[in-house]
Amino acid sequence: NVRLGYSLAAARITAGPRRSVLAGAPGEDGNRGEIVDWAPWRQPDAPQCTSALSVDCDARITYALRPFDEVKIASTTKIMTVLLGCEATQKPVNDPGYRAFLTPYPISQNAWIPTAFPATTTCSAWKFNFNDTPTFEDLLRTCIMVSGNDSAMAIADVVTGEIVNYTGTATSAPLFVQMMNDRAALIGMTQTHFTNPPGIDTDNPYSTAYDMYLLARHAMQNPLFRNLVSTVSHPMIRQVPDGLLPNSTKPVQTSAVYNWLLGLRKLVPSAAGIKPGSTGGAGYTAVMAAPDPYEPSKYCYAGGFGWQTT
């Protein structure tokens, strides 16, 4: 009964120019050992972002670049905004926090939206017209698909009812922002601070690549959220001027399109989406997910923050 200590074996297993090495070691006390396929060519030699993390479908980190650096995250913030909106639709009907998925949100009764986000705005927005009557579903989908800052603020208002006088993106929805931070704490996002629903740079919001992975993993457990972030097109009715009277309009069928996800699927056909973003302070950001081909209920994740080019 000779007891073996730790040992290491290594071998090259590929004959092509892109070579990898197997490294193996037995387990301790009869446990299974481990073999690692080490392929340096798989690692980016010049990453263009400042912080990144990828995690496989078994929750094992496969790549990390300063994953605990606190960085601005831009519109990936909307993952939390939309998740809270989804959860409001899933409460019991008699719960004070319940909001029906198809609840109408008349813009004419919330005139602060076209005032704060007019057709000339340069920020990302769906740009609702005064006579539009989107549903809560429309708000959730346009918040994801076109990264609507107006949609994000409207979601906050639907959930809390707090926006009566709009005073700015960073100051108009403090109750909802508190909900965002409370939920972040429950998820275990210990290095995250949200300051507004859309994710603009005002008041220095921050998170980390690791915390955003935790948020994405948590959100993807919600079936409605999964549907929202994986859908590439959503039909909507928009009111446009009919030319008859100065303020008269007519309904026109249109669609919100998730162009980012369409582009991502050209690279990764199985991509389940999630959310990109960009601001002057954050640069370009993104959090992505794709299902395990053998266990579709499991997902791998990748996130990157601080790209200076798309």
Does the side chain to side chain contact (heavy atoms under 4.5 Å, CB included) test come out yes or no for W260 and M288, once each step is laid out? CA-CA 11 Å; W260 175 80; M288 300 158 275; 3.6 Å; yes
Carefully, step by step, assess F136 and F101 under the rule ring-ring contact (aromatic ring centres under 6.0 Å, His included). CA-CA 5 Å; F136 194 27; F101 191 49; 7.5 Å; no
When rounded to the nearest 0.5 angstrom, what is the spacing between OG1 in T76 and CD1 in I274? 10.0 Å
Mark yes when over 12 heavy atoms from residues, nucleotides or ligands other than Y210 sit less than 6.0 Å from its OH; otherwise mark no. no
Any idea which heavy atoms bring F305 and A286 closest together, and the distance? CZ-O, 4.3 Å
Without hydrogens or angle criteria, can the side chains of K78 and T81 be said to hold a donor-acceptor pair below 3.5 Å? no
From the list T171, N165, T169, side-chain hydrogen bond (donor to acceptor under 3.5 Å, both in side chains) with T167 holds only for T171
Residue of the set D242, N131, D132 for which side-chain hydrogen bond (donor to acceptor under 3.5 Å, both in side chains) holds with T249: N131
Examine the side chains of D138 and H234 and answer whether a donor and an acceptor come within less than 3.5 Å of each other. yes
Do other residues, nucleotides or ligands put more than 12 heavy atoms under 6.0 Å from the NZ atom of K298? yes
The side-chain hydrogen bond (donor to acceptor under 3.5 Å, both in side chains) partner of T279 among T285, T202, D201 is D201
Between I155 and L140, is any pair of side-chain heavy atoms under 4.5 Å apart? yes
In the structure I gave you, are the side-chain heavy atoms of V55 and L53 within less than 4.5 Å of one another anywhere? yes
Would you check if the side chain of Q308 reaches a backbone N or O of G283 as a donor-acceptor pair within less than 3.5 Å? no
Return yes if some donor-acceptor pair links the side-chain N/O of N129 with the main-chain N/O of Q239 below 3.5 Å, else return no. yes
Validation row: P174, E162 side chains within 4.5 angstrom (heavy atoms): yes
I'd like to know if K91 and E87 make a salt bridge, using a cut-off of under 4.0 Å between side-chain N and carboxylate O. no
Minimum heavy-atom distance V159-A88, with the two atoms named: CG2-CB, 4.3 Å
Do T121 and K127 meet the criterion of a side-chain donor-acceptor pair at a distance under 3.5 Å? no
Given the rule in the side chain to side chain contact (heavy atoms under 4.5 Å, CB included) test, do D182 and Q178 qualify, once you have shown the distances and angles that lead to the verdict? CA-CA 6 Å; D182 289 346; Q178 186 61 54; 2.8 Å; yes
Which class fits the ring pair W112 and Y166: parallel under 30°, tilted 30 to 60°, perpendicular over 60°? parallel
Restricting to salt bridge (charged side-chain N to carboxylate O under 4.0 Å, His left out), what partner residues turn up for R66, sequence neighbours left out? D69
Okay, side chain of D56, backbone of R60: is any donor-acceptor separation there less than 3.5 Å? yes
Which heavy atom of S54 sits nearest to which heavy atom of T62, and what is that distance? OG-OG1, 2.7 Å
If you measure from CD1 on I79 to CG on L228, what distance do you get to the nearest 0.5 Å? 12.5 Å
